[in-house]
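Okay, structure first, notes after.
Each residue takes its place number in the sequence, starting with 1. Atoms within each ligand, like the ligands themselves, are counted from 1 in listed order.
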Amino acid sequence: MTTRYRVEYALKTHRRDQLIEWIKGLLAVPFVLHSQPTAVFEPDGQSVEKQASVAQQRYAEIFRDVENIVNDHIEHQKAGKPDCSKLKLLVPSVANFFTPLALHDAFIWQDRRRCISFRRFVPPSFNDVRLVLNTAQVMSLVRSGPLDLVTFDGDVTLYDDGMCLTRDNPVIDKILRLMKRGSKIGIVTAAGYTEARRYYERLFGLLNAIQNEDLPLEAKENLIILGGESNYCFKFDANSPDLLRLVPREEWLLKEMLLWTESDITELLDIAEASLKDTVRNMRMSATIVRKERAVGIIPKYGQKFCRETLEETVLIVQKILEMSDVGQRLPFCAFNGGNDVFVDIGDKSWGVLACQRIFGGIEGSKTLHVGDQFLSAGANDFKARLACTTAWIANPLETCQLLDEIAELDEMQQRKTR
Ligand code: IMP
Ligand code: MG
């Protein structure tokens, strides 16, 4: 049942993506005007094919117009005036784009799979628009040349929440296919461990598969893990027992990251820990505090499940407190809801992706794709990756596989065109 409370809760801006909502609003007009719900019970009503072709044309026109508005925004970005674009007036939260978006073609592509235009009762949804945006992004990336770097979030993107990447996971072969095509791979995860063994335990299926694959040794080293958002770097190493070698921070830290002092890190984590303890007490949560070198979080006591509202409340409180603190202005941090835990990490995924780009010799944002599940503006940790590169927002590991198949299919089409 949709209670008034739920409706208002969903209206909270942190649970909305303004660009997607805006596009959804534009598509609602042709849906209302051209869908034919009465044809279901009126035998001489318009045929579903005819209605679908009219609706497809109208939706496609809208996507073409949005594509042009994005191009105009990119022109303003190039001129150093992104705030003056029309898109910025329409969707104030919109950030910079690293590439144009092939929205028209992507809509036709997704419409073939999801039959959006055939629907007479259900208008184009959040998920329809999200998937069109993903396809538009990968189309633009593939069309404009090689995709040099693909970074993946871990939980929910590569495997189910809290699980491991086992050999039977279909994403492994798709990642290997990308590596064989020359893309570098980064796994940019919040999971923060200081030892290679812990990452091996989570990712062994992929690491063993790379070890056994017929690939030159240098190509195998094109896989890195950036853990704790942007705190620990491990590179594939065929000769280590855990198939991973810790890369010392001096070798990969960006110059801005050298300014993150140990005393600031301790101070920020102390403030976060105090806030988390406070919320646990106030909300009567059955939680354990976990303090690490570069993170602090709460995890449920055995068998407990926190409700979404409690997790979000916890994140929003700690985020606000940190934003208001002096150290929170100096030091980047990321507070997020991990599904059944809350963590505050030092740094964020924009730094994680930037570090991957640097380690692989300076790859540009327009040649990098980050795939993740957490893109809401607060309480989500993949969101920050948008500052470093293009992104795709998936909802589960199956969608990651579908996206990688799309990339392969589009790549194949592109190769045929240029042959
Ligand atoms: P991601 O989806 O790959 O970014 O992983 C997020 C999950 O990693 C969180 O929900 C936590 O359960 C887990 N995790 C383990 N250690 C850490 C840490 O140090 N910081 C944040 N999350 C952690
Ligand atoms: Mg995730």
Side-chain angles (χ1 to χ4, degrees), residues 130 150-165 169 171 175 185-203 205-206 223-234 265 268-269 272-273 276 287-302 304-306 308 310-312 314-315 318-319 322 332-353 355-356 370-376 378-386 388 391-401 403:
R130 178 177 60 77
V150 186
T151 61
F152 296 92
D153 161 56
D155 293 46
V156 185
T157 301
L158 293 178
Y159 38 84
D160 288 330
D161 202 15
M163 298 294 150
C164 300
L165 192 44
N169 188 323
V171 83
I175 293 178
I185 304 292
I187 297 182
V188 181
T189 169
Y193 312 123
T194 46
E195 315 102 55
R197 171 109 299 234
R198 298 294 305 278
Y199 286 108
Y200 179 78
E201 285 164 7
R202 299 292 304 270
L203 304 169
L206 175 64
L223 174 102
I224 54 177
I225 296 168
L226 239 294
E229 319 278 359
S230 52
N231 285 304
Y232 309 103
C233 178
F234 292 85
I265 290 170
L268 189 135
L269 293 178
E273 184 173 338
L276 291 174
T288 307
I289 303 271
V290 179
R291 174 82 181 238
K292 299 186 177 182
E293 186 201 21
R294 292 283 175 114
V296 60
I298 53 166
I299 56 170
K301 290 209 166 127
Y302 187 75
Q304 297 287 317
K305 175 86 187 94
F306 300 132
R308 193 190 65 205
T310 305
L311 291 163
E312 285 186 4
T314 312
V315 173
V318 69
Q319 176 157 321
L322 290 171
F333 66 90
C334 176
F336 75 100
N337 164 4
N340 200 25
D341 51 39
V342 170
F343 271 92
V344 176
D345 291 314
I346 300 299
D348 60 49
K349 289 199 184 184
S350 67
W351 294 103
V353 173
C356 291
H370 177 74
V371 185
D373 66 296
Q374 293 216 346
F375 282 101
L376 291 171
N381 66 350
D382 294 301
F383 179 74
K384 284 286 173 108
R386 284 196 183 146
T391 54
W393 183 352
I394 55 79
N396 53 51
L398 178 65
E399 278 192 11
T400 304
C401 287
L403 184 86

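The pair Lys349-Asp153 counts as a salt bridge, with a side-chain nitrogen and a carboxylate oxygen less than 4.0 angstrom apart. Under the 4.0 Å criterion applied to side-chain N and carboxylate O atoms, Glu201 and Arg198 are assigned as salt-bridge partners.
A heavy-atom cutoff of 4.0 Å around ligand 1 is satisfied by the protein residues Asp153, Gly154, Asp155, Thr189, Ala190, Ala191, Gly192, Lys292, Ala295, Phe336, Gly338, Asp341, Phe343, Asp345, Lys349, Asn381.
Val315 and Phe336 make their closest contact through CG2-C, 3.6 Å (heavy atoms, listed as atom of the first residue, atom of the second, distance). The two residues Val171 and Leu165 make their nearest non-hydrogen contact at CG1-CD1, 3.8 Å. What you find for Arg130 and Trp393 is that their closest heavy atoms are NH1-O, 2.7 Å. Residues Lys292 and Gly192 approach most closely at NZ-O, 2.9 Å, considering heavy atoms.
In this model, a donor atom of one side chain and an acceptor atom of the other lie less than 3.5 Å apart for Arg202 and Tyr193.
When the options Ile346, Leu268, Ile289 are evaluated for a side-chain contact (heavy atoms from CB on, under 4.5 Å) with Val296, the one that passes is Ile289. Screening Ile187, Asn396, Thr151, Thr400 for a side-chain contact (heavy atoms from CB on, under 4.5 Å) with Thr157, the sole residue that qualifies is Thr400.
Within the protein, the N, O or S atoms lying under 2.8 Å from the Mg ion (ligand 2) are Asp153 OD2, Asp155 O, Asp373 OD1.
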